[in-house]
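Below: the structure, in structure tokens.
What you are looking at is a predicted structure, and each value in this text was computed from that prediction instead of being measured. Sequence lines set the chain letters: A, B, ... in the order given, protein chains first and strands last, and positions in each chain run from 1.
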Amino acid sequence: MTWAWLLAPVLALTAPARAADTLPAPEAAAWLQRISDASRRLGYEGLFVLRQGGNTQTLSVSGRPSGSNMESRLLSVDGDHREVRCNPQVSVTLVTSGSQLRLEKRLNRRHFPDLLPENAAPLVNWYNVRPSGSDRVAGRECNNVEILPRDVFRWGYVLCVDKITAFPLRAIMVNGDGQPLMQYSFAEIRLGGAPRVDRRPMPVMPDIPEAARPVAHARVEVTALPPGFSRIAAVQRQLANHAGEVEHWVFSDGLTHVSLFLEPATRPVETIRGQSRQGMINMIKRQVGDLQATVLGEAPWPTVEALATSLSPRP
Amino acid sequence: MMTKSTSRDFPQENEQEALSALLDGELTREQARQTLRRLRDDADMRARLAEYCAVGDALRGLCDGPVAPDLTLRVMHRLEREPTLLAPMRATPGRRPGLWLAAAVVVVITWGVWSRLPEQGPALPLAAHDAPPMDVQPYLAAHQDFAQAVIAPAEMQFTRVSLTESRP
């Protein structure tokens, strides 16, 4: 006996030919919205495993509704101590490596299992949604829901959502061929009720600079974006282990995010393309006027390329 | 001297209760460590753990369905080679040993599943890997604010390109 019985459901999901029909748009939108609502309105506490490239991490996570938002805590339980804490006001990352502690403010409060945007219905314009059977994750029955891109500009997800609550228990990021790029999967979860909440106050370190401030004057123009993408952030910020300030722009279709970093070009910039080993992360560095532009994201190459080639200096 | 801080005494002679208490997270850290040590050394005890898994009520579905007879052995052998997976047992008192065991088993199972999945080869042709490495971690870390929040060091390949030529 081999691992075949374990592989079967995953391979079935990633097979090119899928028997399940794509849901009509209204029904698909309702599914996505239900999943989105569940991940942001339901208290939870558990352990999940993240598999990305050749790396596997186990993390504990908890969340509880706080007004119309969530308070949550994400904590790595292997490797370097890494913790993300979020409340409606602020989100911070604490990383301890050896005797060094690094504290950074995050610009966003979301993390797994909160994958879908608050308003999830528009995703059906860019993704097909179809159910693909059921499974069992972390001891709970769940329905597989495939969220597959309609074009080459985004990756897809295969979610397994709790049959009762629609809470995401497993999420597999897949490429256009249905091959897995990254996977989150709960090993233990307790849904509903009141999770144990870290009552410690949010850490405040006075020497930590403000994470970001809005970009006052855009120095480049984006002439065209891949369909469905819009700019959701444009801030001036400092990066860890990186000299000087950069402009950080973020473009998203609600599920796929791509970042653009702009900084002064101190010397002529070669156009360099980068790609992670499994192709999940794509990036490009190029010169735009007197700036170095770095476009990077967990997105297919056409998305990164389209964004990079649409940049032009602004007078 | 064994502590008696849980509702169950740790049964040196009663492996059934020890396993049950372990999977229920009712052992102290030292008790859990002892039980895991016994599991490592005792094939019969591992077989009993497999039976428990087959019942499906201990590991919350991880062993649900048709359990491969050698699955638990594979898992335990893997655990023997992965001592760091047991490191969480040394964590803050009050954490549930069963939880960590479940996490360790899932890590192993996940590793098994993914290691059998078809690897995507590098999309870039080998001849194109001609650019010096670039430190993308600062950018990737900042991007995580809007992405996964969890950073894994990215193994990137770099190549010089002409955007005009590479456009579709």
Q. How would you list, by chain and number, every residue that makes a salt bridge (charged side-chain N to carboxylate O under 4.0 Å, His left out) with A:Glu245, sequence neighbours excluded?
A. A:Arg213
Q.
With a 4.5 Å cut-off on side-chain heavy atoms, are A:Gln275 and B:Phe158 touching?
A. no
**Q.** For A:His242 against B:Pro138, the heavy-atom pair lying closest together
**A.** CB-CB, 3.9 Å
Q | Student check: side-chain heavy atoms of A:Leu296 and B:Leu140 closer than 4.5 Å | A | yes
Q | Validation row: A:Ile284, B:Val161 side chains within 4.5 angstrom (heavy atoms) | A | yes
Q) With only heavy atoms counted, which part of A:Thr271 is less than 4.5 Å from chain B, the side chain, the backbone, both or neither? A) both
Q. Residue by residue, which of residues 254-261 of chain A have a heavy atom closer than 4.5 Å to a heavy atom belonging to chain B?
A. A:His257, A:Val258, A:Ser259, A:Phe261
Q: Could you tell me which non-hydrogen atom of A:Gly297 sits nearest to which non-hydrogen atom of B:His143, and how far apart they are?
A: CA-NE2, 3.7 Å
Q: Return the minimal non-hydrogen interatomic distance between A:Leu239 and B:Ala142, and the atom names on each side.
A: CD2-CB, 3.5 Å
**Q.** Spacing of CZ belonging to A:Arg273 relative to OG belonging to B:Ser162, to within rounding of 0.5 Å
**A.** 12.5 Å
